[in-house]
Amino acid sequence: MEINKEELKAHLMATSEEFRSLASKHAELHRQLEAIEGKEHLTLEDETQEQSLKKQKLRLKDQMNEMLSRYKPQQVA
């Protein structure tokens, strides 16, 4: 029986403090990015911060996906 990605995410959100922490940080970075992108005119500082936030957000997503991929083989076995 294969668990889909959304079910696996929900399970890790319920059982893994590390995964919840990563997801929370990812969501916060997303809110910060939306605030910057919602501005009519971006300053050079805004653009620099936007790029930094995007990189941080991507690293967190990669870490979350790594946890998902590590967990999935355990479920199949």
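Summarising the geometry of Q63 relative to L22, their closest heavy-atom pair is OE1-CD2, 3.8 Å, with the distance given to 0.1 Å. The minimum heavy-atom distance between Y71 and H11, with the atom names listed, is OH-NE2, 2.7 Å. Between D46 and I36, the shortest heavy-atom distance links the atoms O-CG2, 4.0 Å.
In this structure, L58 is not a member of the same hydrophobic cluster as M67, with clusters built from ILVMFWY side-chain heavy atoms closer than 4.5 Å. Residues L60 and M13 share a hydrophobic cluster, clusters being chains of Ile/Leu/Val/Met/Phe/Trp/Tyr side chains in contact below 4.5 Å.
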Show your working on salt bridge (Lys or Arg N to Asp or Glu O under 4.0 Å) between E34 and R31 and close with a plain yes or no. CA-CA 5 Å; E34 283 183 332; R31 284 189 288 276; over 6 Å; no

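Here the NZ-CG distance, from K61 to L29, works out to 12.5 Å after rounding to the nearest 0.5 Å. A distance of 5.0 Å separates CD of E50 from CD of E37, quoted to the nearest 0.5 Å. Considering CE of M64 and CD of E18, their distance stands at 11.0 Å, rounded to 0.5 Å.
Other residues, nucleotides and ligands contribute more than 12 heavy atoms inside 6.0 Å of the CD atom of Q51.
Test E28, Q32, H30 against K57 for side chain to side chain donor-acceptor pair (under 3.5 Å) and you get one pass: H30.
Looking at R20 and S24, their side chains never come closer than 4.5 Å, going by heavy atoms from C-beta outward.
With hydrogens and angles disregarded, no donor-acceptor distance shorter than 3.5 Å links the side chain of N65 to the backbone of D62. Listed for the S52 side chain is no donor-acceptor partner under 3.5 Å among the backbone atoms of T48.
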